Amino acid sequence: MSVKTKLIAIANAIRGASYVTDEMTIQQMINNVPYIKNQDVIATPGLIDKSLTTYTIPSGVTSIGERVFSNFNSLISVTIPSGVTSIGDLAFSSCKSLKSVTIPNGVRSIGQSFSDCSALTSVTIPSSVTDINIYAFLGCSNLTNIYCGFAQGAV
């Protein structure tokens, strides 16, 4: 086992990450920097400060990977840049404080991304979305307003 592989295993154990890619640098793991590869956020929950209440995804990111913000219980709002085209499965699942989400125009695919976001009351979905997982908002018990770019008003 390489030194880097051992350090990755240690980082997983300390930070509670479910997985870490072998391509992440040790400095990124230590500094809680979201790992961006080929303009795709592929960081794991253990690498970003889970106590954040707001987060702005960097411009230039085109895809939000699986479980990146899963279980961020303090996250109230997230800003998704207009260049994002897909939101992966469980990307924001179980973010218990997330109240509203505006998905920018240009997003084409939404996975099971927001399941169990119990504080979520409002979602705006643009007309560019062509694929939404049937479980995208499963368990969002307070979701009362879904605004669609292809529909009039709330659905």
Side-chain angles (χ1 to χ4, degrees), residues 7-8 10-21 23-126 128-129 132-133 135-149 153-155:
L7 287 171
I8 289 170
I10 292 167
N12 280 338
I14 292 171
R15 300 201 189 280
S18 53
Y19 60 91
V20 175
T21 70
E23 297 171 350
M24 302 175 90
T25 67
I26 302 306
Q27 196 62 42
Q28 286 169 321
M29 286 186 254
I30 292 169
N31 292 335
N32 290 331
V33 175
Y35 177 62
I36 300 173
K37 176 186 176 196
N38 297 331
Q39 299 182 342
D40 180 24
V41 174
I42 59 172
T44 63
L47 300 179
I48 304 171
D49 183 1
K50 284 191 173 190
S51 67
L52 292 174
T53 57
T54 62
Y55 188 79
T56 300
I57 295 171
S59 62
V61 170
T62 59
S63 179
I64 301 171
E66 292 183 11
R67 301 179 190 265
V68 175
F69 297 95
S70 182
N71 294 305
F72 275 46
N73 292 323
S74 299
L75 190 64
I76 296 169
S77 69
V78 63
T79 301
I80 302 172
S82 60
V84 170
T85 59
S86 67
I87 303 172
D89 285 339
L90 308 173
F92 296 95
S93 69
S94 299
C95 289
K96 303 296 185 189
S97 299
L98 189 61
K99 294 183 182 201
S100 70
V101 172
T102 299
I103 298 167
N105 198 30
V107 171
R108 294 187 303 268
S109 174
I110 301 172
Q112 185 180 339
S113 308
F114 299 95
S115 60
D116 296 317
C117 293
S118 54
L120 193 61
T121 60
S122 174
V123 174
T124 301
I125 302 172
S128 61
V129 173
I132 300 177
N133 184 295
Y135 302 113
F137 301 100
L138 177 72
C140 297
S141 54
N142 289 305
L143 185 57
T144 55
N145 294 301
I146 300 175
Y147 297 95
C148 299
V155 176

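None of these values were measured; they are calculated from a predicted model. Values reported hereafter were calculated over all heavy atoms of this structure, with side chains retained and with hydrogens, waters and symmetry mates removed.
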Quiz item: Where is the tightest heavy-atom contact between Ser94 and Asn71, given as atom of each residue plus distance?
Solution: CB-OD1, 3.1 Å
Self-check item: Closest contact, heavy atoms only, Ser93 versus Ser70
Solution: OG-OG, 2.9 Å
Exercise. For residues Asn133 and Gly111, report the shortest heavy-atom separation together with the two atoms involved.
Key: CB-C, 3.4 Å
Quiz item: Do any pairs count as a side-chain hydrogen bond (donor to acceptor under 3.5 Å, both in side chains) and have a residue in residues 79-92, sequence neighbours left out, and if so which ones?
Solution: Ser63-Ser86
Quiz item: OG1/Thr121 to NZ/Lys99 distance, rounded to the nearest 0.5 angstrom?
Solution: 8.0 Å
Quiz item: How many angstroms lie between CZ in Phe137 and CD1 in Ile146, if you round to the nearest 0.5 Å?
Solution: 6.0 Å
Quiz item: Can you list the steps and then say if Val68 with Ile57 is a side chain to side chain contact (heavy atoms under 4.5 Å, CB included)?
Solution: CA-CA 11 Å; Val68 175; Ile57 295 171; over 6 Å; no
Quiz item: Any idea how Phe69 and Tyr55 line up, ring-wise: parallel (<30°), tilted (30 to 60°), or perpendicular (>60°)?
Solution: tilted
Quiz item: Do you know the tightest heavy-atom contact between Cys117 and Phe92?
Solution: SG-O, 3.0 Å
Quiz item: Atom CG in Leu75, atom OG1 in Thr53: separation rounded to 0.5 Å?
Solution: 7.5 Å
Quiz item: Can you tell me how far OG of Ser97 sits from CG of Leu120, rounded to the nearest 0.5 angstrom?
Solution: 11.5 Å
Quiz item: So with a 6.0 Å cut-off around NZ of Lys96, is the heavy-atom count from everything else above 12?
Solution: yes
Self-check item: Leu52 CG to Ile76 CD1 distance, which is reported to the nearest 0.5 Å
Solution: 11.0 Å
Quiz item: Of all heavy-atom pairs between Ile64 and Ala91, which one has the smallest distance, and what is that distance?
Solution: CG2-CB, 3.9 Å
Quiz item: Going by the side-chain hydrogen bond (donor to acceptor under 3.5 Å, both in side chains) test, which pairs reach into residues 102-120, not counting sequence neighbours?
Solution: Asn105-Ser128
Practice problem: Under the side chain to side chain contact (heavy atoms under 4.5 Å, CB included) rule, what do Leu98 and Phe114 come out as? Steps first, then yes or no, please. | Solution: CA-CA 9 Å; Leu98 189 61; Phe114 299 95; 4.2 Å; yes
